[in-house]
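All chains are named by letter (A, B, ...) in the order of the sequence lines, taking the proteins before the strands, and each is independently numbered beginning at 1.
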Number of protein chains: 2
Amino acid sequence: MKVSTQSVQPLAPLMGGIFPAACPSRTVLDHVSSKWGVLILVALAQGPQRWSELRRRTEGISEKMLAQTLKTLEGDGFVHRDAQPIIPPRVDYSLTSRGLDLVALLIPLLEWINENAEDIVNGS
Amino acid sequence: MKVSTQSVQPLAPLMGGIFPAACPSRTVLDHVSSKWGVLILVALAQGPQRWSELRRRTEGISEKMLAQTLKTLEGDGFVHRDAQPIIPPRVDYSLTSRGLDLVALLIPLLEWINENAEDIVNGS
DNA sequence: TAAGGTACATACATGAAAGTAAGTACCCAA
DNA sequence: TTGGGTACTTACTTTCATGTATGTACCTTA
């Protein structure tokens, strides 16, 4: 196995901002890397969607977790909630510009993980 | 608040690989986004380090979690462990080339989070 | 000889995240 | 009038990640 010998770059500022135990960065990271956070974000990267579409698409999620995850993502300003006061109710969820910025960085990482995950878990 | 109206790109393959409940991708993502996983990885991005250096640098980590996190990262092939059979023991940890690939994608994301985290958590 | 350093392992406890199940309120189609 | 759809909320339970505490084995310095 190849081994890196050197550092990538000076990361001092990053270290200061991420290492403290209860920092904002940690909070945000926990939100997006929560069990369903990533899934919702990449689902919404495919375009605005309704509650029931997200629920069907995100296989295995419970209604509670869908509501909860959408709420924190909305609270963080990643997701926009558009509720139309009609009956039956119609609610559309979409990414905000901040959400788009985030997924733009998230997608390459997830693609890499997706491509390498099998090799990684079976140790090759 | 600005709202995106359209999808970013076709992400179909990603959806298939990440959405299943107990998929390899999920496992790997959980490993790297675990409470201490990211920290250890960016710490090692600054160059090879010894156990005690990592322990001091990663403020607040317990020895149990350091050992555990290093083991899973080593098991995933992100981290290389070099133990010299001397007394007192000397063990150097470093990123593998796979680990380097990963942090190369991780760093931009973490920098973005670090820059925006404060605005995000206090809702502005 | 007592304290502190190296690098861990292991048993037990806790707490937060996630799951389960049920309820709400309204409408429509069979 | 029974079942299904819209979009949720709430109470309770379980599971798993993480924390705490202590032990190991050897060496060096005060």
In this structure, how many angstroms lie between the [atom2] atom of [N] and the [atom1] atom of [X], rounded?
X: A/Leu66; N: C/dT20; atom1: CG; atom2: P; result: 15 Å
X: A/Trp51; N: D/dG4; atom1: CH2; atom2: C1'; result: 17 Å
X: B/Leu70; N: C/dA7; atom1: CG; atom2: C1'; result: 11 Å
X: A/Asp82; N: D/dA7; atom1: CG; atom2: C1'; result: 14 Å
X: A/Lys71; N: D/dT10; atom1: NZ; atom2: P; result: 7 Å
X: A/Leu54; N: D/dT6; atom1: CG; atom2: C1'; result: 14 Å

Shortest non-hydrogen contact from A/Val121 toward B/Pro24: CG2-CB, 3.9 Å
Looking at B/Ala43 and B/Leu54, what are the two nearest heavy atoms and their distance? CB-CD2, 4.0 Å
At less than 4.0 Å, is any side-chain N or O atom of [X] found next to OP1 or OP2 of [N]? Yes or no.
X: B/Ser52; N: C/dG5; answer: no
X: A/Arg55; N: D/dG5; answer: no
X: A/Arg90; N: C/dC27; answer: no
X: A/Arg50; N: D/dT6; answer: no

Check: protein-nucleotides 22-30 of chain D nitrogen or oxygen pairs below 3.5 Å:
none

Output side-chain donor-acceptor pairs under 3.5 Å for residues 68-76 of chain A, partner residues at least two apart or in another chain, one line each.
residue	atom	partner	partner atom	Å
A/Thr69	OG1	A/Met65	O	2.6
A/Thr72	OG1	A/Thr69	O	3.2
A/Asp76	OD1	A/His31	ND1	3.4
A/Asp76	OD2	A/His31	ND1	2.6

Apply side chain to side chain contact (heavy atoms under 4.5 Å, CB included) to [X] and list each qualifying residue two or more places apart in sequence or on a separate chain.
X: B/Ile86; result: B/Gln84, B/Arg90
X: B/Val32; result: B/Val28, B/Leu41, B/Phe78, B/Leu102
X: A/Val91; result: A/Arg81, A/Ala83, A/Tyr93
X: B/Asp30; result: B/Arg26

For A/Arg56, all residues meeting side chain to side chain donor-acceptor pair (under 3.5 Å), sequence neighbours excluded: none
Strictly under 3.5 Å: I want the nitrogen or oxygen pairs between protein and nucleotides 12-19 of chain C, one per line.
residue	atom	partner	partner atom	Å
C/dA18	OP1	A/Lys35	N	2.9
C/dG19	OP1	A/Lys35	NZ	2.8
C/dG19	OP2	A/Trp36	NE1	2.9
C/dG19	N7	A/Lys64	NZ	3.0
C/dG19	O6	A/Lys64	NZ	2.4

Report the residues that fulfil salt bridge (Lys or Arg N to Asp or Glu O under 4.0 Å) with A/Asp82, sequence neighbours left out, ordered by chain and then residue number. none
